[in-house]
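Notes for the one structure printed next.
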Amino acid sequence: LRRDKFFSKRPPKSCGREEFGAKFAERLSEYCDAAGGSPEDAVATAMWLTVNTVVEAYVRFCKEPLRSAPTEIIAAGGGVRNDVLMGFLSTYFEAHGAHLLKAEDFGVPSQAKEGVAFALLAWLTWNGLPGNVPAATGAKRPVILGKVSYG
C-alpha cells in the first residue's frame with residue numbers, strides 16, 4: 001500500500017476518492033483477507049497507513065525547511081474525531097518537534113474545512129487574486145477562479 005505513487009510524489013499535491021475511495025478500500029480488504037486478517041485489522045491498517053504516510057511526508061518535505069521555526073500542524077476533517085488516530089499522530093509529530101492541533105483550537109469546526117477553503121477562494125476572486133496552485137492542479141498558470149456578478 002505504501003508503494004502507491006501518491007505517497008512519493010512531491011507537494012503540492014491533492015487526492016480524493018479517485019485515489020483512496022472504494023477501489024482502494026477493496027484492495028486493502030483483499031490484502032488483509034489474504035494475510036488472514038479481520039475487518040478490524042483492515043481498519044487498523046488504514047489508520048497506520050494514514051499515520052505513517054502523513055508523518056513521513058512531514059519529515060520528508062517540511063521538517064528541514066522549518067527546522068528553526070516552532071511548528072504547529074492543524075488537523076481538520078472527520079479524522080480529528082478518531083482519538084486513536086489523533087493520539088498516534090500527536091505522538092509521532094511531537095517526536096519530530098511539531099505540535100498537532102485541531103481546527104477547533106482556532107475556533108473553526110473541523111468539519112468546516114471545505115467551507116473555509118471556499119470562503120478563501122471567494123475572497124481571492126473578490127480581490128482579483130489567483131486561487132489555483134498550478135503545480136497541484138496541472139494548470140498552465142495561476143488564474144483567478146470564478147466570476148463576480150452584480151445585480
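From a predicted model like this one, the values you see are computed outputs, not experimental measurements.
Residue pairs meeting the ring-ring contact (aromatic ring centres under 6.0 Å, His included) criterion with at least one member in residues 8-47, sequence neighbours excluded, are Phe6-Phe20, Phe7-Phe20, Phe20-Phe24. Every pair passing ring-ring contact (aromatic ring centres under 6.0 Å, His included) that includes a residue from residues 92-120 is listed here, sequence neighbours excluded: Tyr58-Phe93.
Scanning for ring-ring contact (aromatic ring centres under 6.0 Å, His included) contacts around Trp48 gives Phe88, with sequence neighbours left out.
Looking at Thr91, its side chain does come within 3.5 Å of a backbone N or O of Gly87 through a donor-acceptor pair. Under a 3.5 Å cut-off, the side chain of Asp41 and the backbone N or O of Ser38 do form a donor-acceptor pair.
Residue Val84 is not grouped with residue Leu49 when hydrophobic side chains (ILVMFWY) are merged at heavy-atom distances under 4.5 angstrom, including chains of intermediate members. Side-chain heavy atoms closer than 4.5 Å link hydrophobic residues (I, L, V, M, F, W, Y) into clusters, and following such links, even through other members, never connects Ile144 to Leu121.
Side-chain contact check for Gln111 versus Arg81: some heavy-atom pair is nearer than 4.5 Å. Side-chain contact check for Cys32 versus Thr45: some heavy-atom pair is nearer than 4.5 Å. No side-chain heavy atom of Val143 sits less than 4.5 Å from a side-chain heavy atom of Pro130. Annotation: side chain of Arg60 is in contact with side chain of Ser8 (closest heavy-atom distance under 4.5 Å). Side-chain contact between Thr125 and Val148: present, with at least one pair of heavy atoms (C-beta onward) separated by less than 4.5 Å. Residues Ile74 and Lys102 fail the side-chain proximity criterion, which asks for heavy atoms closer than 4.5 Å.
Heavy-atom minimum distance, Asn132 versus Pro134: O-CD, 3.6 Å.
Crowding of Arg2 atom CZ: a count of heavy atoms from other residues, nucleotides or ligands under 6.0 Å exceeding 12.
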Going through the distances and angles, do Leu1 and Arg27 end up as a side-chain contact (heavy atoms from CB on, under 4.5 Å)? CA-CA 9 Å; Leu1 295 170; Arg27 195 170 82 198; 3.9 Å; yes
Please report the C-alpha distance between Thr50 and Leu85 in whole Å, then the side-chain angles of each, then the deciding distance to 0.1 Å, and finally whether the side-chain contact (heavy atoms from CB on, under 4.5 Å) criterion is met. CA-CA 8 Å; Thr50 301; Leu85 173 69; 4.0 Å; yes
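With values rounded to the nearest 0.5 angstrom, Asn82 atom CG is found 9.0 Å from Leu89 atom CG. Here the straight-line distance linking atom CZ of Arg17 with atom NZ of Lys23 works out to 15.0 Å at 0.5 Å rounding. Between Leu145 atom CG and Leu129 atom CG the span is 11.0 Å, to the nearest 0.5 Å. Here Glu104 contributes atom CD and Leu101 contributes atom CG; the two are 11.0 Å apart, rounded to the nearest 0.5 Å. In this structure, CD on Glu94 lies 9.0 Å from CD1 on Ile73, to the nearest 0.5 angstrom. Leu100 contributes atom CG, which lies 12.0 Å from atom OG1 of Thr71 (distance to the nearest 0.5 angstrom).
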